[in-house]
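Here is the structure we will look at, set down as structure tokens.
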Amino acid sequence: MSNDEQVRIPWIPILAAVPICWLLYRKFNIQRDSPNAPPGNPAAGASQGSAKQDAQNGVWNPVKFSYPPVQACTDRVADIKPIPYRPFKWGPYHVTMGIRNMPWNEWIELDRGHAKYNRIKKHRVQTRGNKAVRVLGDGMNPGVRGGGEAAVELVHELAEYLSRRYPEDFYVVRHSHRSSDASQEPFESQQTPYTDWGWDGQPPIRQISITALGEVYDLPLSVADGHRAPERALEIAGYLIQDDLALMIQGEDGRYYFQAGSICLPGFWRMEDKIGLPLDEIHITGHVPQCPIETPNQCDGVWDVQGQVYTKCL
């Protein structure tokens with residue numbers, strides 16, 4: 001089985017900053033050696049086959065996916081005004097769940113508060129340690145894979161996206177080659193089956209800089225790439241954006257579990273109270289208004305769909 005065909009664990013990152021909760025796209029073991037997507041739906045990209053087809057809970061078959069082109073933002077992040085989202089629309093309000101297409105250019109939205117969020121997050125990681133950033137290992141939650149691989153994948157996804165979407169503020173340096181290139185020596189840190197995180201067949205990103213802040217981060221290639229590689233990956237992922245991050249991993253029972261998080265701006269909850277819990281119990285124990293206690297698996301069912309999911313929960 002080649003590097004591009006490794007069976008990997010489905011995970012869902014949630015950006016949970018107040019007052020907006022973002023549900024990011026779900027990764028279905030993407031093969032990354034394909035070019036940009038052909039013209040079509042910019043929200044969904046191009047995929048072949050179904051990741052859900054004949055899949056066991058917690059394991060997803062590989063599908064080929066072409067990343068849609070990302071339109072570069074011509075403004076500096078420091079000049080972008082915050083988007084005035086409204087949590088409620090005028091008129092009757094009904095609590096329900098659902099998904100809708102998300103334009104690719106709206107996956108991560110930054111504004112002039114980015115530097116402030118970066119400064120706050122760094123302080124809280126330094127002072128709160130694993131109460132701010134934590135990654136559960138493979139053996140810490142029976143029947144569920146740990147969040148380490150998802151954390152490493154996420155920081156590379158963010159680095160690829162942000163360097164394209166906000167080229168005036170993010171600059172990347174890549175490794176010299178892909179680890180799947182038989183003519184090259186494997187990376188010293190390659191201790192896991194997959195390290196070719198680069199989009200469009202490019203080598204993976206080695207380093208990302210936030211030019212306006214003078215911040216430079218070295219990205220781990222795998223969970224074995226140095227001390228605390230998963231935690232370092234998730235710390236960096238949190239520093240790159242303004243939202244908090246919660247990684248949900250599907251277990252053998254089909255439920256999604258909170259297996260890793262960068263929760264520096266949580267509002268009214270603590271990660272230490274929720275880490276390791278399935279999604280429905282997170283809502284029930286948090287006394288979320290009108291949470292469907294009688295149908296607790298409804299939250300997980302929203303994500304049990306075929307293909308790629310790019311949605312926002314407002």
Side-chain angles (χ1 to χ4, degrees), residues 13-22 24 73 75-83 107-136 147-148 150-173 189 197 204-223 225-247 258-275:
I14 299 177
L15 285 76
V18 177
I20 302 171
C21 175
W22 300 81
L24 295 193
C73 178
D75 296 326
R76 299 298 299 260
V77 169
D79 298 326
I80 300 176
K81 296 181 180 179
I83 299 175
W107 181 40
I108 302 296
E109 294 179 320
L110 304 179
D111 58 49
R112 60 192 180 194
H114 181 252
K116 178 181 179 181
Y117 279 88
N118 178 274
R119 183 173 63 254
I120 293 173
K121 288 186 175 187
K122 289 179 64 177
H123 173 73
R124 293 189 176 176
V125 169
Q126 292 169 2
T127 57
R128 300 183 183 181
N130 64 7
K131 293 183 178 180
V133 175
R134 188 175 176 186
V135 180
L136 296 186
V152 173
E153 180 178 6
L154 175 59
V155 75
H156 281 271
E157 293 294 289
L158 288 174
E160 293 282 353
Y161 180 87
L162 293 170
S163 61
R164 289 168 167 79
R165 179 61 176 149
Y166 302 100
E168 298 296 324
D169 287 86
F170 294 90
Y171 177 78
V172 298
V173 177
S189 60
W197 306 112
I205 293 173
R206 177 172 62 84
Q207 188 178 83
I208 184 168
S209 303
I210 307 178
T211 56
L213 305 182
E215 299 284 346
V216 181
Y217 305 107
D218 295 322
L219 306 190
L221 270 175
S222 73
V223 295
D225 190 2
H227 180 58
R228 298 180 62 254
E231 288 80 6
R232 287 189 290 112
L234 202 49
E235 287 173 5
I236 296 169
Y239 297 155
L240 294 178
I241 64 176
Q242 293 172 223
D243 301 272
D244 278 347
L245 293 158
L247 274 61
F258 180 19
Q259 294 294 90
S262 171
I263 310 297
C264 300
L265 310 163
F268 302 101
W269 64 285
R270 301 182 303 178
M271 179 165 59
E272 60 194 277
D273 298 331
K274 306 296 182 181
I275 192 77

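When atom types are taken as modelled, the side chain of Asp169 and the backbone of Arg76 share no donor-acceptor pair closer than 3.5 angstrom. In this structure, the side chain of Lys121 does not engage the main chain of Leu265 through any donor-acceptor pair within 3.5 Å. No donor-acceptor pair under 3.5 Å is formed between the side chain of Lys131 and the backbone N or O of Met271. Judged by distance alone, the side chain of Arg232 and the main-chain N or O of His227 form a donor-acceptor pair under 3.5 Å. A donor-acceptor pair under 3.5 Å links the side-chain atoms of Thr211 to the main chain of Glu168, judged by distance alone. Distance alone, capped at 3.5 Å, is enough to place a donor-acceptor pair between the His114 side chain and the Leu240 backbone. One N or O on the side chain of His156 and one on the backbone of Pro220 form a donor-acceptor pair closer than 3.5 Å. Between the Trp197 side chain and the Glu157 main chain, no donor and acceptor come within less than 3.5 Å of each other.
Look at Glu235 and Lys122 and you find no salt bridge, because none of the NZ, NE, NH1 or NH2 atoms lies under 4.0 Å from a carboxylate O. Under the 4.0 Å criterion applied to side-chain N and carboxylate O atoms, Arg134 and Glu272 are not assigned as salt-bridge partners. Residues Asp273 and Arg270 are paired through a salt bridge, judged by an N-O separation under 4.0 Å between the basic side chain and the carboxylate.
Contact between Val133 and Ser262 at its shortest, heavy atoms only, is CG2-OG, 3.9 Å. Contact between Leu245 and Gly238 at its shortest, heavy atoms only, is CD1-N, 3.8 Å. The shortest heavy-atom contact between Ala151 and Ala233 is O-CB, 3.7 Å. Counting all heavy atoms, side chain and backbone alike, Gly147 lies closest to Val135 at C-CG1, 3.5 Å. Between Ala260 and Ile275, the shortest heavy-atom distance links the atoms N-CD1, 3.9 Å.
With sequence neighbours left out, Pro82 forms a side chain to side chain contact (heavy atoms under 4.5 Å, CB included) with Asp111, Arg112. The ring pair (Phe, Tyr, Trp, His ring centres under 6.0 Å) search around Tyr217 returns Tyr239, not counting sequence neighbours.
Leu154 places a side-chain heavy atom less than 4.5 Å from the side chain of Leu234. Here the side chains of Pro204 and Leu221 are in contact, with some heavy-atom distance below 4.5 Å. Within the 4.5 Å cutoff, the side chain of Gln207 has heavy atoms near those of the Val216 side chain. Taking 4.5 Å as the limit, every side-chain heavy atom of Tyr171 sits out of range of all side-chain heavy atoms of Ile210. For the pair Leu110 and Leu162, the minimum side-chain heavy-atom distance is below 4.5 Å. Considering only heavy atoms from C-beta on, Ile208 stays 4.5 Å or farther from Val155 through its side chain. The closest side-chain heavy-atom distance from Phe258 to Ile263 is below 4.5 Å. Taking the side chain as every heavy atom from C-beta outward, Tyr161 and Ile108 approach each other to under 4.5 Å.
Annotation: the span from Arg228 atom CZ to Asn130 atom CG amounts to 9.0 Å, rounded to 0.5 Å. Taking SG of Cys73 as the start and OH of Tyr166 as the end, the distance is 6.0 Å to the nearest 0.5 Å. Distance check: Ile205 CD1 to Leu158 CG gives 10.0 Å after rounding to the nearest 0.5 Å.
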Applying side chain to side chain contact (heavy atoms under 4.5 Å, CB included), run through Asp244 and Cys264 and close with a yes or a no. CA-CA 6 Å; Asp244 278 347; Cys264 300; 3.9 Å; yes

